[in-house]
Amino acid sequence: MARVVSFCGVSNSGKTTLIQKLSLALKKEGKRVFILKHDPKNKAQIDTEGKDSYRFFESGADVCLYSPAKTILMLQNTSPTPQELIAPFLKEWDYVFIEGLRELGFERILVARERIESGYEEGVRAFALKNIKKEGENVLDLDNIAEILQWINTNIKDTK
């Protein structure tokens, strides 16, 4: 059963970098990470060095890129059957990180640097911030991966 967390924030807020660092840290612990990245503007380049999907896959995670025009699933060292793809395969991973897709209703962490944009705080469970003064137990240091992982492990329950 996976812990599912969605990360939201404006473009260039640090979502991709945070998810990549979380994935690398969890991979060192032997955990399986699945990342679903939303591409609402259909501009992502696949398997291009330095791009988000490439960085995620290189971190050792299994990756899905979803956009209106295409959906791409990249899995590490596996070739699932069509039946396995149809089944709710997310239960096979320890962690599922979603970049974007706020409307899915999973627990969300808002990622922001310098300021929090209007409209992003609604429904957010925690904040991963840099250079922003905000108080509360659910306010995390964007650069402190151990702290963010601890918060996820403490506050996000495994899916049933």
Side-chain angles (χ1 to χ4, degrees), residues 1-11 13-40 42 44 46-47 51-68 70-112 120-130 136-160:
M1 300 295 166
R3 295 180 195 275
V4 181
V5 184
S6 179
F7 296 84
C8 64
V10 297
S11 183
S13 61
K15 298 181 303 291
T16 296
T17 300
L18 173 59
I19 293 169
Q20 180 184 22
K21 288 178 179 178
L22 291 169
S23 176
L24 287 167
L26 289 165
K27 195 71 174 171
K28 287 179 183 176
E29 295 178 15
K31 303 295 184 185
R32 290 188 69 202
V33 178
F34 181 86
I35 299 168
L36 172 61
K37 178 179 174 54
H38 189 211
D39 178 27
N42 199 34
I46 306 304
D47 275 344
K51 293 296 183 180
D52 295 353
S53 58
Y54 181 89
R55 290 170 58 195
F56 289 151
F57 196 69
E58 288 299 306
S59 77
D62 297 309
V63 180
C64 180
L65 176 66
Y66 169 79
S67 76
K70 63 183 173 282
T71 299
I72 298 166
L73 179 63
M74 298 186 300
L75 302 175
Q76 301 277 347
N77 304 317
T78 186
S79 182
T81 67
Q83 295 81 4
E84 290 169 327
L85 286 174
I86 294 169
F89 63 89
L90 295 180
K91 293 181 180 176
E92 297 295 323
W93 284 261
D94 299 304
Y95 293 82
V96 175
F97 296 144
I98 303 167
E99 184 176 329
L101 294 167
R102 293 185 287 171
E103 64 275 9
L104 291 180
F106 292 105
E107 301 287 0
R108 284 197 310 270
I109 296 176
L110 172 63
V111 179
Y120 278 86
E121 288 190 67
E122 184 178 335
V124 168
R125 186 81 191 281
F127 299 84
L129 307 176
K130 183 170 185 165
E137 64 183 49
N138 294 327
V139 177
L140 310 167
D141 177 352
L142 179 58
D143 293 327
N144 190 334
I145 300 307
E147 176 186 52
I148 295 169
L149 276 176
Q150 180 180 352
W151 186 91
I152 290 170
N153 288 331
T154 301
N155 295 282
I156 305 298
K157 304 299 177 214
D158 288 346
T159 57
K160 302 289 181 216

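The structure displayed is predicted, hence computed values, not measured ones. Hydrogens, waters and symmetry mates are skipped; everything else that's a heavy atom, side chains included, is used.
The shortest side-chain heavy-atom distance between V33 and K27 does not fall under the 4.5 Å cut-off. Considering only heavy atoms from C-beta on, L73 comes within 4.5 Å of F34 through its side chain. You'll find the side chain of I152 reaches within 4.5 Å of the side chain of L22, heavy atoms only. The side-chain heavy atoms of E137 and W151, taken from C-beta on, include no pair separated by under 4.5 Å.
Atoms CG and CG, on N153 and D158 in that order, are 9.0 Å from each other to the nearest 0.5 Å. Between the CZ atom of R55 and the OG atom of S23 there is a distance of 11.5 Å, given to the nearest 0.5 Å. Within the model, atoms CG of L129 and CG of L140 stand 8.0 Å from one another, a figure rounded to the nearest 0.5 Å. Annotation: the span from E147 atom CD to D141 atom CG amounts to 6.0 Å, rounded to 0.5 Å. In this structure, the separation between CD on E121 and SG on C8 is 9.5 Å, given to the nearest 0.5 Å. Atom CZ of residue F127 and atom CZ of residue R108 lie 10.0 Å apart, to the nearest 0.5 angstrom.
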Walk me through it: do F106 and V96 pass the test side-chain contact (heavy atoms from CB on, under 4.5 Å)?
CA-CA 10 Å; F106 292 105; V96 175; over 6 Å; no

Check the pair E29 / D94 against side-chain contact (heavy atoms from CB on, under 4.5 Å), numbers first and verdict last.
CA-CA 11 Å; E29 295 178 15; D94 299 304; over 6 Å; no

Kindly indicate, with the supporting measurements, whether the criterion side-chain contact (heavy atoms from CB on, under 4.5 Å) is fulfilled by R125 and N155.
CA-CA 9 Å; R125 186 81 191 281; N155 295 282; 3.8 Å; yes

Test log, rule side-chain contact (heavy atoms from CB on, under 4.5 Å), inputs W93 and K31
CA-CA 8 Å; W93 284 261; K31 303 295 184 185; over 6 Å; no

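Contact between T154 and K157 at its shortest, heavy atoms only, is O-NZ, 3.4 Å. Between F56 and T16, the shortest heavy-atom distance links the atoms CE2-O, 3.5 Å. Here the shortest heavy-atom pairing between I35 and A61 reads CD1-CB, 3.7 Å. Across all their heavy atoms, S53 and V63 have their closest contact at O-CG2, 4.4 Å. The nearest pair of heavy atoms linking D62 to Q76 is OD1-N, 2.6 Å. Listed here is the closest heavy atom pair of I148 and L142: CD1-O, 3.9 Å.
For K21, the side chain to side chain contact (heavy atoms under 4.5 Å, CB included) partners two or more places apart in sequence, or in a different chain, are T17, I145.
Remark: of the listed residues I19, V4, I109, I19 is the sole one forming a side-chain contact (heavy atoms from CB on, under 4.5 Å) with F97.
Under a 3.5 Å cut-off, the side chain of K15 and the backbone N or O of G9 do form a donor-acceptor pair.
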